[in-house]
Amino acid sequence: MSDALRLGLNIDHVATIRNARGGAHPDPARAAAMAYEAGADGLTIHLREDRRHIRDRDLEAIRLASPLPINLEMAATEEMCAIATAFKPHAACIVPEKREERTTEGGLDVAGQHNSIAPIVRELAEAGSRVSLFIEPDPVQIAVSEVLGAPVVELHTGKYAELWLEGGEAAAADELERLRVAAKEARKRGLEPHAGHGLTFDNVKPVAAIAELAELNIGHFLIGEAIFTGLPAAVQRMRSLMDAARKELAA
Ligand code: PXP
């Protein structure tokens, strides 16, 4: 299970910069094409209800620009479900969404919202998308994800990243352990665990070393880093840190 770990590049914030001025530059579709050449394994885009970054017309443009599989993040609403079932992305990741938040804060409460999430999981799966649920690394949320029939859970690493920022690796150790236990629990239940949020060159290796994880989705840091080094160099460096973590695990 310590095979290569997939890197999904989240390109939302290319669109954030574009939208700051209006117009068409920088174009997230161009980032999608570059991501493929740089060695990313997939693209993640979040069509938020307020369209603050990715816009509806970006979906098809991104698909045309890159052969990489698309993971569409979406709120569990009728509007998003209609868009996703028409667009039919490779994967659809259901995330919690609040208008006032700056980014996706906390995981989806699949245990508390089981009844409203269940039909959306079903519709997305019927449309052919691989459904993923963005949850906290919590055994109850994992158990309910299994009941909901989602094949994938994405574990929220936001708390881990925040703790790392405050006090480095030692401060984040307990949360890392929670991620480890959750990834194991997901595998035990037949789910494929992914992880993401707030990952950087500094904090990615301990997460990448969790053998059960199949994919990391990383955006804000890499798009920020691309300002200084270019997108291909940023993606390649992240890729090599992830590969190094997996190699150390196998050694
Ligand atoms: N995974 C999910 C489900 C997310 O909502 C986000 C943020 O959009 C990410 C991963 C990427 O987080 P970050 O931009 O902090 O790397």
Side-chain angles (χ1 to χ4, degrees), residues 5-17 19 28 31 35 40-54 58 62 69-77 80 84 89-99 101-110 117 124 129-137 141 145 150 152-165 172 175 179 182-183 186 191-205 207-208 213-227 231 234-235 237-239 241-242:
L5 177 62
R6 296 194 300 271
L7 170 59
L9 176 67
N10 181 318
I11 55 174
D12 290 347
H13 296 303
V14 178
T16 305
I17 299 171
N19 299 351
D41 302 289
L43 295 165
T44 289
I45 47 179
H46 186 177
L47 186 68
R48 291 186 78 100
E49 292 182 88
D50 62 9
R51 310 303 199 264
R52 70 176 71 159
H53 35 60
I54 296 296
D58 290 323
I62 286 167
I70 294 175
N71 173 36
L72 179 69
E73 293 178 6
M74 51 175 278
T77 64
M80 286 303 149
H90 165 76
C93 179
I94 305 179
V95 303
E97 204 174 296
K98 295 188 221 99
R99 277 187 184 247
E101 70 190 358
R102 267 184 295 175
T103 181
T104 313
E105 292 165 4
L108 192 67
D109 179 14
V110 290
I117 293 170
L124 291 168
S129 293
R130 196 158 187 245
V131 181
S132 146
L133 301 171
F134 188 43
I135 57 170
E136 290 297 317
Q141 300 293 341
S145 299
V152 176
V153 286
E154 182 168 331
L155 305 175
H156 200 309
T157 52
K159 212 165 282 163
Y160 164 82
E162 241 172 64
L163 290 165
W164 186 293
L165 210 57
E175 188 61 18
L179 289 161
L191 307 176
E192 184 177 283
H194 300 175
H197 211 279
L199 296 175
T200 68
F201 291 156
D202 284 341
N203 68 19
V204 75
K205 277 183 80 179
V207 175
L213 291 176
E215 180 174 308
L216 300 184
N217 286 304
I218 308 179
H220 184 267
F221 175 81
L222 285 177
I223 301 305
E225 192 61 16
I227 293 169
L231 190 58
V235 169
R237 172 109 200 267
M238 187 61 83
R239 172 82 272 157
L241 288 166
M242 288 163 54

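Numbering starts at 1 and runs along the sequence shown. Both ligands and their constituent atoms are indexed starting at 1 by order of listing.
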> Among all residues two or more places apart in sequence or in another chain, which pass the side-chain hydrogen bond (donor to acceptor under 3.5 Å, both in side chains) test with E225?
Replying inline: none
> Relative to atom 9 (C) of ligand 1, which among H220, E73, E215 owns the nearest non-hydrogen atom?
Replying inline: E73
> Is the closest N or O pair between L199 and ligand 1 shorter than 3.5 Å?
Replying inline: no
> For R51, what residues pass the side-chain hydrogen bond (donor to acceptor under 3.5 Å, both in side chains) criterion, not counting sequence neighbours?
Replying inline: D56, E79
> Near I218, which atoms of ligand 1 are under 4.0 Å from a heavy atom of that residue?
Replying inline: 16 (O)
> Short list, please: which atoms of ligand 1 are under 4.0 Å from a heavy atom of V95?
Replying inline: 3 (C)
> F134: heavy atom below 4.0 Å from ligand 1, yes or no?
Replying inline: yes
> Of all heavy-atom pairs between A195 and V207, which one has the smallest distance, and what is that distance?
Replying inline: CB-CG1, 4.3 Å
> For atom 1 (N) of ligand 1, which candidate among E154, E97, H46, H156 holds the nearest heavy atom?
Replying inline: E154
> For R237 and F201, what are the C-alpha separation, side-chain angles and deciding distance, and is it a side-chain contact (heavy atoms from CB on, under 4.5 Å)?
Replying inline: CA-CA 8 Å; R237 172 109 200 267; F201 291 156; 3.3 Å; yes
> Taking all atoms of both residues into account, what is the closest heavy-atom pair of E136 and G107, and its distance?
Replying inline: OE2-N, 2.8 Å
> Looking at L7 and M242, what are the two nearest heavy atoms and their distance?
Replying inline: CB-CE, 3.7 Å
>> Need the ligand 1 atom indices (1-based, order shown) with element for anything under 4.0 Å from a heavy-atom of N217.
In response: 10 (C), 11 (C)
